Amino acid sequence: KKSIVFDQEGVTRDYVQEPVTHDDITFELIDTGGFSFRKDIDDISKKVQEKLMALLDKAAVICFICDAKNGIHQEDKKIARLLHKSGKPVFLFLNKAENTSALEENIHDFYALGFKNIEPMSAIHGRGVNTMLDLIVKNISVKETEYEDEPKHRVVIIGRPNAGKSSLMNEILKQERSIVSDIAGTTREAISQNMFFFKDLIQLTDTAGVRKKARVDDDLEELMVKSSFAAVREADTVVVMIDVSREGKISDQELKLLFYCYEQKKNMLVIFNKIDLLDEYKKILLDKCIDEYKFIFDKIPQLWISCVTKKNVGKVLIELQKIWARCENPFEGKDINDVLKEELGKRHLYKITLELKVYKAAVVPAEIPMVDLYVNFPEWFGPTELGCIENILRNNYDLKGCPVKLIVRKSRG
Ligand SMILES: Nc1nc2c(ncn2[C@@H]2O[C@H](COP(=O)(O)OP(=O)(O)OP(=O)(O)O)[C@@H](O)[C@H]2O)c(=O)[nH]1
Ligand SMILES: [Mg+2]
């Protein structure tokens, strides 16, 4: 229960909790109610104090803010004692430090509180805030997999050897989970790790690079190490990583990966990595390639990142989150039946002389955008016809990165 409810006016003294992202790490920042050590406090204040103790107990890092201008207060000493007892990392911030003479005069008293880390700050001038955020993220660790629950999403990173898959995995996890080296084929087996992103548990899997040269008739299983292939099959979301520092084109293997994941109805994100090494000429070639395979690239969000300079690395999870959000509410706004009626009225579907009709569409509640189509001749709705209907839906709804599953059912109209 977040709010303290009490039968009296103007008593809300809840703590304020907000997720904050700094240096790609997201944590909950909690602004608490004030401490009180008075014995004769009323019931609301008691609840505030109880809540405060519970928060301290759960906190990973504590920022203790004192007033440098007015100097140390009796209560500060009591709070300090309490915080020392907690055994947590505590950072003492001396606020109102813009008043330098007061700061100089009072700082010694604050040293006596026994905290190693003392930082001046000025909340009204926004000074010291960055230091605070730095100290916080340095002292919290990204949550690991003690959690027994099933992950809400399984994300797998695939691509050619040396693309930077393990580098990205480590960047996202903020730890050296996967070994990174410039030797192609460094990662041998799929490596999974769970992490929290906001409130959701997410499994992240780094895979061994796709090794062999693709031939037209190769299927993906032959191209991939078994554990990588298994990881793709089990994933709901695939990140296809493409190294832009190579020859300025998207290889057949990479296209094969894209098509496979698309057909397997995965959520998808394309990541172009190593943009620190991208020159203008290669960029033009790559853009041409993307344009050539527009029919697939139009359906998938793309991010251009560098694991070395960290450019856009922080956007990866956010982009995935957007895809998942689209999947949760895929056909919002317009009525799907109106959309299909209008579009198919402009552009009829024919198989030879037979007109293929969609009488009705119904959105199926599922993990991915799914629609039942009630049609006159289900057997004639092949990949071309379904592709056409899928494109109509994609043009009318925001489904970028989401798969779309269409199921045809016989109907007499
Ligand atoms: N310049 C540059 N180098 C990068 C970038 N990302 C990764 N690298 C380097 O590329 C090499 C390969 O990185 P890894 O993360 O091991 O690549 P991988 O895709 O896991 O490779 P395999 O495990 O062999 O499939 C390492 O030397 C990295 O330091 C980047 O954005 N820019
Ligand atoms: Mg690797």
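If you're wondering where the values come from, they're calculated on a predicted model, not measured in any experiment. Just so you know, ligand 1 is whichever comes first in the structure, and atom 1 is the first atom listed for that ligand.
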Just list the side-chain donor-acceptor pairs under 3.5 Å for residues 80-93, sequence neighbours left out, or say none.
| residue | atom | partner | partner atom | Å |
| --- | --- | --- | --- | --- |
| H84 | NE2 | L113 | O | 2.8 |
| S86 | OG | L83 | O | 2.6 |
| S86 | OG | K88 | N | 3.2 |
| K88 | NZ | L56 | O | 3.4 |
| K88 | NZ | D57 | O | 2.6 |
| K88 | NZ | A59 | O | 2.7 |

* Please identify which atoms of ligand 1 are closer than 4.0 Å to at least one heavy atom of G164. => 7 (C), 13 (O), 14 (P), 15 (O), 17 (O), 18 (P), 19 (O)
* So, K165 and D206, do they make that salt bridge, N to O below 4.0 Å? -> no
* To do: Looking only at distances, please establish whether an N/O atom of ligand 1 is found under 3.5 Å from an N/O atom of K165.
  => yes
* **Protein heavy atom at shortest distance from atom 26 (C) of ligand 1** => S181 O, 3.4 Å
* Does any N or O atom in L277 lie less than 3.5 angstrom from one in ligand 1, N or O only? -> no
* Which one of K249, K274, K282 satisfies the salt bridge (Lys or Arg N to Asp or Glu O under 4.0 Å) criterion with D243? -> K274
* At what distance is the nearest protein heavy atom to atom 1 (N) of ligand 1, and which residue and atom is it? -> D276 OD2, 2.8 Å
* **Taking atom 6 (N) of ligand 1 as the reference point, the nearest protein heavy atom with its distance** => N273 ND2, 3.1 Å
* Where the side chain of N376 meets the backbone of L356, is there a donor-acceptor pair that is under 3.5 Å apart? -> no
* Asked: Is the Y374-Y359 ring centre distance short of 6.0 angstrom?
  -> no
* Asked: Got the closest protein heavy atom to atom 5 (C) of ligand 1, with its distance?
  -> K274 CG, 3.5 Å
* Give the ring-plane orientation class for F259 versus F295, where under 30° counts as parallel, over 60° as perpendicular and anything between as tilted. => parallel
* **Contact flag M169/the Mg ion (ligand 2), N/O/S atoms, threshold under 2.8 Å** => no
* Please confirm whether K152 makes a cation-pi placement over W324, using NZ or CZ under 6.0 Å from the six-membered ring centre and within 45° of the ring normal. => no
* Just jot down the ligand 1 atoms closer than 4.0 angstrom to any heavy atom of S166, in number order. => 15 (O), 18 (P), 20 (O)
* Does ligand 1 have an atom under 4.0 Å from some heavy atom of A163? -> yes
* Asked: Nearest non-hydrogen atom to atom 14 (P) of ligand 1 belongs to which of S245, G209, S167?
  -> S167
* Geometric N/O contact I305 with ligand 1, under 3.5 angstrom -> no
* To do: Would you mind checking if K351 and E385 are paired as a salt bridge, meaning a charged N to carboxylate O distance below 4.0 Å?
  => yes
* Asked: Which residue owns the protein heavy atom closest to atom 28 (C) of ligand 1, what's the atom, and how far is it?
  -> V180 CG1, 3.7 Å
